[in-house]
Amino acid sequence: MMLIAMEGLPNSRAIGWPRDGFSVMNEQAPEISLDRSHSRESSHSHFSAEFIVVYLRVVQGCNLNCAHCFTLGNRDEYRLVDLDHVRQFLRAIVKNVGPKKAVVYIHGGETFLAPREHLAAVNKIVREEFISLNHYDIIPQTNLMYEVDDAYIDFIKQEYNSQIGISWDYKIRFNTAGKNLDEALFFTNFSKLVEGGIDAAIAITVQKHLLKSDPLEWLPKFTGAKSIDFEFLTLFDNKTRNLKVNNDEWSEYLFNVVQYYASHSLTWSMPQVDLFTKSFVENRIFSCKGNCCLNRTFTLNCNGSVGLCPDQAYFAPISNMKEVVEDWDQFELKGRETYLRQMVQPLHELCSTCEFYDHCGGNCEPDLFDAGSKECPLSRKTLKFQKENLELFMNKLQLAKTNLVELRDVNSEERREERRKERPQCH
């Protein structure tokens with residue numbers, strides 16, 4: 001489950017979507033009308049217009065076959081997204097939501113299995129359709145398990161303003177797909193990106209193999225990154241449930257990471273930590289888990305199916321391109337119903353007695369809790385440490401306003417350019 005930092009969302013909790021299994025959708029792409037005559041008052045929309053997140057799944061298929069992934073990996077049929085679908089999807093969002101700011105994640109499968117010409121064409125459409133927005137970022141997501149060269153780095157600079165999102169999953173992705181893919185390849189590529197002036201946001205899945213590692217050994221390897229974020233598992237089958245962590249153990253692990261974060265001068269921020277700092281300082285909830293997907297996140301799959309949360313949209317889409325273009329009201333109704341089902345989920349008993357509930361909101365998905373643990377997925381021990389050392393973490397928040405697209409403003413965009421020029425070399 002992606003962790004995306006969002007401001008000012010209601011105090012609600014997220015629905016878990018356990019699945020015993022799933023299959024990729026095989027819906028044929030519908031014919032799409034190009035009519036732009038319809039207009040609508042965005043102020044009446046269920047979706048937030050202040051800041052939205054768009055996932056464009058530009059390619060179906062992957063070079064890996066990771067146990068925790070919600071796609072079919074290298075068993076998936078290779079397929080590229082229809083460029084007309086991209087245009088109409090974005091156009092419908094602009095017309096019906098009227099967003100002011102956006103982050104567009106270029107996703108897969110493995111994004112860079114798509115030809116660069118196709119990726120450039122997608123990016124061109126984003127720029128054309130989002131021209132009315134105050135600000136937007138286009139950021140590709142990748143597993144980085146392939147050859148990285150100067151041409152690749154130049155492409156990231158030109159097409160994505162030197163920004164990239166990279167997933168790293170300890171002991172899951174390596175030696176998959178029958179290939180000898182080890183961490184040396186990953187960190188060699190990461191070093192090339194940092195030395196080439198690329199801002200890398202690292203996403204790490206919270207899973208049981210990770211807890212066997214020593215964070216003090218691998219954290220320094222990410223020197224030069226702009227952020228390190230932990231993503232919760234999406235539990236949809238036995239493989240993913242077998243990767244679930246014990247929250248007491250995870251709390252200790254996260255506590256060690258956050259202590260390291262607090263006591264070192266680093267190039268990277270921690271979105272989840274920094275948003276809690278903001279919450280403590282401003283005394284309001286800044287929601288950063290799955291529930292934000294139901295208010296401001298839109299996902300387009302390669303086959304023309306559409307969803308909200310990118311993890312769920314692959315195997316449980318709520319709509320399709322034809323409906324999004326021709327009957328937005330119906331699509332929005334489905335989004336609202338999904339959100340309301342989330343709202344009525346009962347709080348976990350740990351949340352109802354937690355001293356940090358007013359800053360958290362108890363949004364974690366129910367199946368992320370585990371019987372017998374005294375800790376929650378967000379680690380009360382870590383939150384207590386953070387609140388007791390708030391001044392130290394407030395300094396971290398200032399760096400986060402430069403590092404994190406969700407907190408960035410015009411001045412921090414300028415600071416980002418200055419920071420890139422002064423960036424230290426990675427280890």
Side-chain angles (χ1 to χ4, degrees), residues 2-4 51-64 69-71 73 76 78-94 99 101-131 133 135-146 148 151-168 189 193 196 198-203 226-227 229 231 293 296-311 313-314 321 404-406 408:
M2 299 294 291
L3 300 184
I4 302 175
F51 178 80
I52 67 167
V53 180
V54 177
Y55 284 86
L56 298 178
R57 195 156 279 145
V58 296
V59 60
Q60 187 173 285
C62 189
N63 54 334
L64 303 179
C69 187
F70 49 82
T71 77
D76 228 343
Y78 181 81
R79 182 175 188 171
L80 297 176
V81 70
D82 188 313
L83 295 178
D84 286 339
H85 282 180
V86 174
R87 184 176 298 281
Q88 291 305 307
F89 184 62
L90 299 178
R91 187 172 295 180
I93 292 172
V94 171
K101 296 191 296 182
V103 175
V104 180
Y105 289 114
I106 307 300
H107 218 274
E110 167 48 49
T111 300
F112 290 96
L113 288 183
R116 289 180 193 168
E117 313 85 71
H118 187 75
L119 295 175
V122 169
N123 302 336
K124 182 175 183 291
I125 292 170
V126 174
R127 297 185 185 104
E128 291 171 351
E129 296 300 325
F130 275 9
I131 192 171
L133 274 64
H135 182 81
Y136 62 87
D137 289 276
I138 310 174
I139 304 177
Q141 306 295 297
T142 182
N143 59 44
L144 208 60
M145 298 301 290
Y146 45 79
V148 168
Y152 176 93
I153 293 174
D154 289 342
F155 184 79
I156 301 300
K157 288 181 176 179
Q158 178 179 342
E159 290 290 333
Y160 301 112
N161 193 25
S162 300
Q163 300 180 95
I164 194 168
I166 304 171
S167 57
W168 179 72
N189 286 337
L193 292 180
I198 303 301
D199 281 347
I202 309 301
K226 71 169 184 177
S227 70
D229 202 7
E231 297 182 348
C293 290
R296 59 189 77 197
T297 301
F298 307 86
T299 300
L300 171 64
N301 293 321
C302 282
N303 57 16
S305 60
V306 172
L308 304 177
C309 169
D311 293 14
Y314 179 84
M321 276 301 303
L404 306 179
V405 293
E406 298 90 343
R408 201 176 291 159

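Please read all numbers here as calculations on a predicted model, not as lab measurements.
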| task | Under the side-chain contact (heavy atoms from CB on, under 4.5 Å) rule, collect the residues that match up with Ala102, sequence neighbours excluded. | result | Ile52, Phe130, Leu133, Tyr136
| said: Are the side chains of Gln88 and Leu300 in contact, using a 4.5 Å heavy-atom criterion? | reply: no
| Atom pair CG (Leu113) and OG1 (Thr142), whose distance is rounded to the nearest 0.5 Å | 8.5 Å
| field | Backbone N/O of Gln163 and side chain of Lys226: donor-acceptor pair under 3.5 Å | value | no
| request: Say whether, by atom type as modelled, one donor and one acceptor occur between the side chain of Tyr105 and the main chain of Gly165 under 3.5 angstrom. | output: no
| Student check: side-chain heavy atoms of Tyr314 and Thr299 closer than 4.5 Å | no
| task | Rounded to the nearest 0.5 Å, what's the gap from CZ on Arg91 to CD on Glu129? Could you check? | result | 4.0 Å
| task | Using the test ring-ring contact (aromatic ring centres under 6.0 Å, His included), find all partners of Phe89 that sit at least two apart in sequence or belong to another chain. | result | none
| Minimum side-chain heavy-atom gap Val59-Phe112 below 4.5 Å | no
| message | What's the separation between atom OG in Ser167 and atom CG in Asp229, rounded to the nearest 0.5 Å? | response | 12.5 Å
| request: Drop me the distance from Thr111's OG1 to Arg57's CZ, to the nearest 0.5 angstrom. | output: 9.5 Å
| field | Which residues share a side-chain hydrogen bond (donor to acceptor under 3.5 Å, both in side chains) with Asn123, sequence neighbours left out | value | Glu159, Tyr160
| query | Just how far is it from atom CD1 of Ile166 to atom CD of Gln141, taken to the nearest 0.5 Å? | reply | 9.0 Å
| request: Pick out which of Val148, Ile153, Asn161 makes a side-chain contact (heavy atoms from CB on, under 4.5 Å) with Ile198. | output: Ile153
| Under 3.5 Å, is there a donor-acceptor pair between the Asn303 and Ser305 side chains? | yes
| Mind checking whether Val126 and Leu90 have side chains closer than 4.5 Å, heavy atoms only? | yes
| Pro115 side chain reached by Leu80 side chain, heavy atoms, under 4.5 Å | yes
| query | Of all heavy-atom pairs between Ala201 and Ser227, which one has the smallest distance, and what is that distance? | reply | CB-OG, 3.3 Å
| Could you give the distance from CG (Asp199) to CD1 (Ile156), rounded to the nearest 0.5 Å? | 12.0 Å
| said: Using side-chain heavy atoms (C-beta onward) and a distance below 4.5 Å, is Val54 in contact with Pro99? | reply: no
| request: Answer whether the closest heavy-atom distance between the side chains of Asp84 and Met321 falls below 4.5 Å. | output: no
| query | Which residue pairs pass the salt bridge (Lys or Arg N to Asp or Glu O under 4.0 Å) test with at least one member in residues 110-126, sequence neighbours excluded? | reply | Lys124-Glu128
| query | Quick one: does Asn189's side chain have a donor or acceptor within less than 3.5 Å of a partner on Tyr146's backbone? | reply | yes
| Hey, are the side chains of His118 and Leu83 touching, using non-hydrogen atoms and a 4.5 Å cut-off? | yes
